Amino acid sequence: MCLIAFALNAHPRYRLIVVANRDEFHHRPTEAAHWWPDAPGLFGGRDLQQGGTWMACTRAGRWAAVTNVRRMVPPNPAAPSRGALVADYLRGTHAPAAAAQRLLPEAPRYAGFNLLLGDGSGCAYLGNEAQPPTRELADGLHAVSNASLDTPWPKLLRLRQALAGWCASANTRHDALFEALADETPVADNELPDTGVGLAHERFLATPFIRSPTYGTRASTLLTIGDDGIVFHERRFGANGVALGETRERLA
């Protein structure tokens with residue numbers, strides 16, 4: 001995932017709402033959201049290159065998601081898979097804060113990441129480029145992209161604001177949030193972050209939805225946990241943003 005906004009106990013109907021875009025190279029092999037045969041009760045997409053996932057949930061309401069961190073250093077090819085952090089947490093039983101603390105000594109071995117861990121008791125954040133590296137998150141709205149938690153990049157601010165309005169109006173229409181995830185409105189140059197990739201690339205990466213022949217938004221996902229149970233809703237895209245399919249599953 002490269003952009004995630006989420007609301008904890010901020011909607012009259014839902015205890016949790018997660019809206020997220022996964023951005024990746026289109027040639028990287030991926031499975032659509034499904035029930036994992038080797039992890040009963042786990043539902044989510046799968047990275048077929050490393051075997052992990054960017055976002056998934058269980059029937060019991062345990063959920064997790066990960067983004068990478070944009071940094072101008074070559075990746076270590078021997079670093080373990082960040083997608084395994086999500087899958088391993090969902091296969092386990094530790095509460096979010098305890099799981100984050102258990103991972104903290106191992107976090108430097110991975111390439112830069114932001115990890116969100118949740119269940120019915122709350123949500124914890126772990127980032128190996130962040131200070132502090134781990135924290136329990138209070139009720140309300142939060143967001144993360146490819147920097148640390150709540151870094152005010154334009155795409156993050158747009159999505160978090162859209163989610164805030166959705167919650168404040170007690171909206172329940174998924175389409176309204178998917179519209180926010182599909183936003184490609186250009187960002188003014190004076191609002192762009194400077195992450196070392198150059199102005200043209202900053203412009204390309206600045207919007208919630210990214211479209212090109214080689215790299216872009218591969219999946220938009222909405223997860224809700226509330227009075228009507230757990231719903232995982234995924235829309236998938238190919239090169240140049242072509243729609244490839246949609247999955248909506250009621251987990252519990």
Side-chain angles (χ1 to χ4, degrees), residues 1-8 10-11 14 16-26 28 30 32-33 44-45 54-55 65-70 114 116 140-195 197-224 231-248:
M1 283 297 180
C2 286
L3 179 61
I4 307 171
F6 55 105
L8 303 173
H11 189 284
Y14 301 114
L16 171 73
I17 306 144
V18 183
V19 285
N21 274 345
R22 180 205 181 206
D23 303 327
E24 183 54 87
F25 287 100
H26 288 296
R28 186 161 182 146
T30 296
W54 53 94
M55 178 176 171
V66 68
T67 77
N68 61 15
V69 173
R70 194 184 306 171
N114 297 296
L116 300 171
L141 276 79
H142 306 274
V144 65
S145 184
N146 301 116
S148 59
L149 187 70
D150 291 314
T151 299
W153 287 3
K155 64 196 302 180
L156 181 150
L157 296 176
R158 282 189 197 176
L159 186 60
R160 191 173 63 191
Q161 182 178 8
L163 180 57
W166 196 84
C167 291
S169 64
N171 200 338
T172 59
R173 289 182 54 251
H174 286 195
D175 282 350
L177 291 177
F178 279 119
E179 288 168 7
L181 289 168
D183 184 1
E184 297 181 73
T185 307
V187 175
D189 286 354
N190 64 349
E191 297 176 6
L192 294 171
D194 182 3
T195 62
V197 298
L199 180 58
H201 217 55
E202 296 287 7
R203 289 170 179 159
F204 172 65
L205 297 171
T207 56
F209 192 93
I210 299 173
R211 183 191 304 263
S212 90
T214 57
Y215 178 90
T217 300
R218 298 279 304 271
S220 294
T221 306
L222 172 58
L223 171 67
T224 59
V231 176
F232 194 106
H233 194 171
E234 176 187 86
R235 292 180 178 176
R236 296 176 294 280
F237 306 93
N240 293 313
V242 173
L244 295 181
E246 182 170 359
T247 299
R248 179 173 175 144

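Predicted model only: the values in this text are computed from it and were never measured.
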By salt bridge (Lys or Arg N to Asp or Glu O under 4.0 Å), which residues pair with Arg218, not counting sequence neighbours?
none
Looking at residues at least two apart in the chain, or sitting in another chain, which of them share a side chain to side chain contact (heavy atoms under 4.5 Å, CB included) with Ala206?
Val187, Leu192
Distance-only polar pair, side chains of Arg236 and Thr30, donor-acceptor under 3.5 Å:
no
Sorted by chain and number, sequence neighbours left out, salt bridge (Lys or Arg N to Asp or Glu O under 4.0 Å) with Arg203 holds for Asp189
What residues form a side chain to side chain donor-acceptor pair (under 3.5 Å) with Arg70, not counting sequence neighbours?
Thr195, Glu202
With sequence neighbours left out, what residues match Phe25 under ring-ring contact (aromatic ring centres under 6.0 Å, His included)?
His27, Tyr215
Qualifying residues under side chain to side chain donor-acceptor pair (under 3.5 Å), relative to Thr214, sequence neighbours excluded
none
Looking only at heavy atoms, which two atoms of His11 and Asn171 are closest? And how far apart?
NE2-O, 2.7 Å
His233: partners by ring-ring contact (aromatic ring centres under 6.0 Å, His included), with sequence neighbours left out
His174, Phe178
Grab the two heavy atoms, one from Trp153 and one from Pro193, that are nearest each other, plus how far apart they are.
NE1-CB, 3.6 Å
Check side chain to side chain contact (heavy atoms under 4.5 Å, CB included) between Ala200 and all other residues, then give those that pass, not counting sequence neighbours.
none
With Thr224 via side chain to side chain donor-acceptor pair (under 3.5 Å) - residues at least two apart:
none
Tell me every residue that passes side chain to side chain donor-acceptor pair (under 3.5 Å) with Asn146, counting only those two or more places apart in sequence or in another chain.
Asn68
Residue set satisfying salt bridge (Lys or Arg N to Asp or Glu O under 4.0 Å) with Glu179, at least two apart, ordered chain then number -> none
Heavy atoms of Ser169 and Trp166 approach each other most closely as OG-O, 3.2 Å
Only counting residues at least two apart or in another chain, list the ones meeting salt bridge (Lys or Arg N to Asp or Glu O under 4.0 Å) with Arg235.
Asp175, Glu246
Ignoring hydrogens, what is the shortest heavy-atom contact between Pro208 and Asp183? Give both atom names and the distance.
CD-O, 3.3 Å
